[in-house]
Amino acid sequence: MRIGKRVIIILLFVFLLGFSLSACNYSFEVSEEESEEEWAKKWGSFTPYKTYSYDNKYYAVQTVDEEGPWPVIVVSVYDAETDEFVANFCPARSWDFWGICWESDSYNIWTQSADIGIYCYTYQDGQWIRDENAERPEDIVSKYDKK
């Protein structure tokens, strides 16, 4: 039996559509019963939620931008006192992304992604710039670190 190219393309499209819809519906809700240990196994030091800098001067949130060829994460930083937008950056595709965290003594933000790894966005003159050479502090734990 010979299956036409059109049928194969339609089946592939349906499969990819189903996969992308299930990825978009991923929920970041955490049950109240989840312990800190369970959270650390799932996320490490990183979070998908609103998170504050060490001195509560800034907060960062992540959203998904679906305008390009694939959905990407946008990390937006705001002044915590005024809620005024400060800056944003796009660290990775959304379906591979595992959260953000602040350094414990600076305004540097770390991102965790399954496909590209962990990167630091260094605070420079009101912007967050990816620093390829930054060394991750010991207190920032990845979900992929060996336990």
Side-chain angles (χ1 to χ4, degrees), residues 8-147:
I8 291 173
I9 291 172
I10 290 171
L11 289 173
L12 183 59
F13 176 75
V14 169
F15 172 76
L16 291 174
L17 179 63
F19 177 76
S20 65
L21 288 175
S22 66
C24 290
N25 289 329
Y26 181 76
S27 171
F28 289 121
E29 291 182 25
V30 178
S31 73
E32 291 183 25
E33 294 84 35
E34 188 171 46
S35 70
E36 255 185 70
E37 184 178 312
E38 290 169 325
W39 176 267
K41 284 181 186 176
K42 187 174 180 181
W43 299 96
S45 299
F46 298 82
T47 183
Y49 302 112
K50 179 178 184 179
T51 181
Y52 287 84
S53 61
Y54 74 98
D55 61 356
N56 292 319
K57 179 177 180 176
Y58 298 110
Y59 67 86
V61 295
Q62 61 190 44
T63 56
V64 178
D65 178 0
E66 298 187 29
E67 291 299 314
W70 51 74
V72 295
I73 291 292
V74 177
V75 176
S76 299
V77 180
Y78 296 87
D79 181 292
E81 188 175 317
T82 64
D83 288 329
E84 182 178 323
F85 173 80
V86 177
N88 65 10
F89 59 91
C90 294
R93 297 181 306 197
S94 65
W95 59 78
D96 299 319
F97 201 68
W98 282 98
I100 59 178
C101 70
W102 294 88
E103 280 191 13
S104 60
D105 60 354
S106 75
Y107 299 128
N108 295 343
I109 298 174
W110 288 80
T111 64
Q112 177 174 234
S113 178
D115 66 337
I116 62 170
I118 298 173
Y119 283 98
C120 177
Y121 286 78
T122 304
Y123 179 74
Q124 298 175 9
D125 300 320
Q127 296 292 315
W128 278 262
I129 310 298
R130 185 165 159 166
D131 183 352
E132 302 280 336
N133 299 313
E135 289 192 33
R136 180 169 41 126
E138 288 183 20
D139 64 333
I140 294 181
V141 179
S142 167
K143 71 177 266 130
Y144 300 108
D145 289 344
K146 294 186 182 192
K147 298 179 176 37

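Side chains are part of it too, since the values below use all heavy atoms of this structure and drop only hydrogens, waters and symmetry mates.
Taking both residues in full, the closest heavy atoms of F89 and T111 are given as CE1-CG2, 4.0 Å, listed atom of the first, atom of the second, then distance. When all heavy atoms are compared, the tightest approach of G126 to A87 is O-CB, 3.5 Å. For the residue pair Y123 and Y58, the shortest heavy atom distance occurs at OH-OH, 3.2 Å. Nearest heavy-atom pair across Q62 and G99 is OE1-CA, 3.7 Å. Counting all heavy atoms, side chain and backbone alike, A92 lies closest to F97 at CB-CD1, 3.8 Å. Summarising the geometry of S45 relative to C101, their closest heavy-atom pair is O-CB, 3.4 Å, with the distance given to 0.1 Å.
Summarising the geometry, atom CG belonging to D55 is positioned 11.5 Å from atom OG belonging to S104; distances are rounded to the nearest 0.5 Å. Rounding to the nearest 0.5 Å gives a distance of 8.0 Å between CG of N88 and CD of Q127. Here the CZ-CD distance, from F46 to Q112, works out to 4.5 Å after rounding to the nearest 0.5 Å. Note that the CH2 atom of W110 and the OG1 atom of T122 stand 7.5 Å from one another [nearest 0.5 Å]. In this structure, OG1 in T51 is found 6.0 Å from CD1 in I100, a value given to the nearest 0.5 Å. To the nearest 0.5 angstrom, Y121 atom OH is 8.5 Å from C90 atom SG.
Applying the salt bridge (Lys or Arg N to Asp or Glu O under 4.0 Å) criterion to E81, with sequence neighbours excluded, gives no partner residue. E132 meets the side chain to side chain donor-acceptor pair (under 3.5 Å) test with R130; sequence neighbours excluded. S94 pairs by the side-chain contact (heavy atoms from CB on, under 4.5 Å) definition with V64, P71, I73, not counting sequence neighbours.
In this structure, F85 and Y78 have perpendicular ring planes: the angle between them is above 60°, well past the 30° mark.
Taking 4.5 Å as the limit, some side-chain heavy atom of D131 sits within range of a side-chain heavy atom of N133. Inter-residue side-chain proximity for Y107 and V77 is flagged as unmet; no heavy-atom pair is nearer than 4.5 Å.
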